[in-house]
Colleague: 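Sharing a structure below in structure tokens format, with a few things to ask.
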Amino acid sequence: MKIDQDNVKKFFSKDRYAESTGIVIKSIANDFVECTMEIKDFHRNSVFGVHGGAIFTLADFTFAVHANSDNLSGADVGNTVAQSCSINYLKSTRGNCLIAKSKCINKGRNMSVYQVEIKDDLNQLIAIMVGNGFTIANK
């Protein structure tokens, strides 16, 4: 199925929290989604590192876009929500932007698993998140 990038972007433009953090959807395809977040002062914690919550938000949003892109492109399979997510923070960034790229590890009728790698604009691997999704069938 061809991904309807315009419809996916339109749907996720309503995500006020992601919008407030500055997350931008850069690319959507069947096998990956890429989102970016320019690092601003409000993303910083008390030791001037990027807050773990900001990194997690970018990963979670990228996961959500990828897990729902087929449904929003006409597959009519239902909305996928996060059932559980785990993240490993690997290092702090010295860059100015974070780039999240997802890949689908497995997608079944109701359960799915996605991996999201977060790198900075210096190509350093900052974190890896695994998200387990549950698809709620359309009625």
Colleague: Would you mind listing every side chain to side chain donor-acceptor pair (under 3.5 Å) that reaches into residues 77-88, with sequence neighbours excluded?
Modeller: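 Every pair satisfying side chain to side chain donor-acceptor pair (under 3.5 Å) with a residue in residues 77-88: Asn71-Asn79, Thr80-Thr135, Ser84-Asn132.
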Colleague: For the residue pair Gln124 / Lys119, report whether a side-chain donor-acceptor contact shorter than 3.5 Å exists.
Modeller: no
Colleague: Give, for atom OG1 of Thr62 and atom CD1 of Ile25, the distance between the pair rounded to the nearest 0.5 Å.
Modeller: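 Taking OG1 in Thr62 and CD1 in Ile25, the distance rounds to 8.5 Å.
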Colleague: For residues Asn68 and Gly78, report the shortest heavy-atom separation together with the two atoms involved.
Modeller: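 For Asn68 versus Gly78, the nearest heavy atoms are OD1-O, 4.3 Å.
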Colleague: Any chance you could measure Leu58, atom CG, to Ile99, atom CD1, to the nearest 0.5 Å?
Modeller: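 That separation rounds to 9.0 Å.
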Colleague: Share the residues that join Leu90 in a hydrophobic cluster, the rule being Ile, Leu, Val, Met, Phe, Trp or Tyr side chains under 4.5 Å apart at the heavy-atom level.
Modeller: Leu125, Ile128
Colleague: Apart from Met111 itself, which Ile, Leu, Val, Met, Phe, Trp or Tyr residues share its cluster (side-chain heavy atoms under 4.5 Å, direct or through members)?
Modeller: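 Its cluster mates, by chain and number, are Val81, Phe134, Ile136.
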Colleague: Please report the shortest heavy-atom distance between Cys85 and Gly131, naming the atom on each side.
Modeller: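 The pair with the smallest heavy-atom distance is SG-CA, 3.9 Å.
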Colleague: Answer yes or no: are there more than 12 heavy-atom neighbours, outside Phe42 itself, under 6.0 Å from its atom CZ?
Modeller: yes
Colleague: Please determine if Lys103 forms a cation-pi arrangement with Phe32, meaning its NZ or CZ atom is less than 6.0 Å from the six-membered ring centre and no more than 45° off the ring axis.
Modeller: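 No; the conditions do not both hold, so Lys103 does not lie above the ring face of Phe32.
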Colleague: Same cluster or not: are Val77 and Val65 linked, directly or through other Ile, Leu, Val, Met, Phe, Trp or Tyr residues, by side-chain heavy atoms under 4.5 angstrom apart?
Modeller: no
Colleague: Distance check, rounded to the nearest 0.5 Å: Ser13 atom OG versus Glu19 atom CD?
Modeller: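 These two atoms lie 7.5 Å from each other.
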Colleague: Rounded to the nearest 0.5 Å, what separation is found between the OG atom of Ser73 and the CD1 atom of Ile3?
Modeller: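 Nearest 0.5 Å value for the OG-CD1 distance: 4.0 Å.
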Colleague: Rounded to the nearest 0.5 Å, what separates atom CZ in Arg94 from atom CD1 in Ile126?
Modeller: 10.0 Å
Colleague: To which residues is Ile105 joined in a hydrophobic cluster, defined by side-chain heavy-atom contacts under 4.5 Å among Ile, Leu, Val, Met, Phe, Trp and Tyr, whether direct or through other members?
Modeller: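 Same cluster as Ile105: Val113, Val130.
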Colleague: Without hydrogens or angle criteria, can the side chains of Asp120 and Thr93 be said to hold a donor-acceptor pair below 3.5 Å?
Modeller: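 Their side chains do contain a donor-acceptor pair, which is all the 3.5 Å distance test asks for.
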Colleague: For Gln115 and Glu117, work out which heavy atoms get closest and say how close.
Modeller: NE2-OE2, 3.6 Å
Colleague: State, to 0.1 Å, how close Ile118 and Ala59 come at their nearest heavy-atom pair, and which atoms those are.
Modeller: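 That would be CD1-CB, 3.7 Å.
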Colleague: Please lay out, stage by stage, how Asn96 and Ile39 fare under the test side chain to side chain contact (heavy atoms under 4.5 Å, CB included).
Modeller: CA-CA 5 Å; Asn96 297 311; Ile39 298 169; 5.6 Å; no
Colleague: With sequence neighbours excluded, give me every ring-ring contact (aromatic ring centres under 6.0 Å, His included) pair touching residues 56-86.
Modeller: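 Checked against ring-ring contact (aromatic ring centres under 6.0 Å, His included) - neighbours excluded - the pairs reaching residues 56-86 are Phe12-Phe61, Phe63-Tyr114, His66-Tyr114.
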Colleague: Strictly by side chain to side chain donor-acceptor pair (under 3.5 Å), give each pair with a member in residues 36-60 just once, sequence neighbours left out.
Modeller: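 Residue pairs with at least one partner in residues 36-60: Glu38-Lys40.
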Colleague: Looking at Lys107 and Asp70, what are the two nearest heavy atoms and their distance?
Modeller: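 Closest heavy-atom pair between Lys107 and Asp70: CE-OD2, 3.1 Å.
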Colleague: Rounded to the nearest 0.5 Å, what separation is found between the OG atom of Ser102 and the CE atom of Met129?
Modeller: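 It comes to 9.0 Å.
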Colleague: Would Val50 end up clustered with Tyr89 when hydrophobic side chains under 4.5 Å apart are linked, directly or stepwise?
Modeller: yes
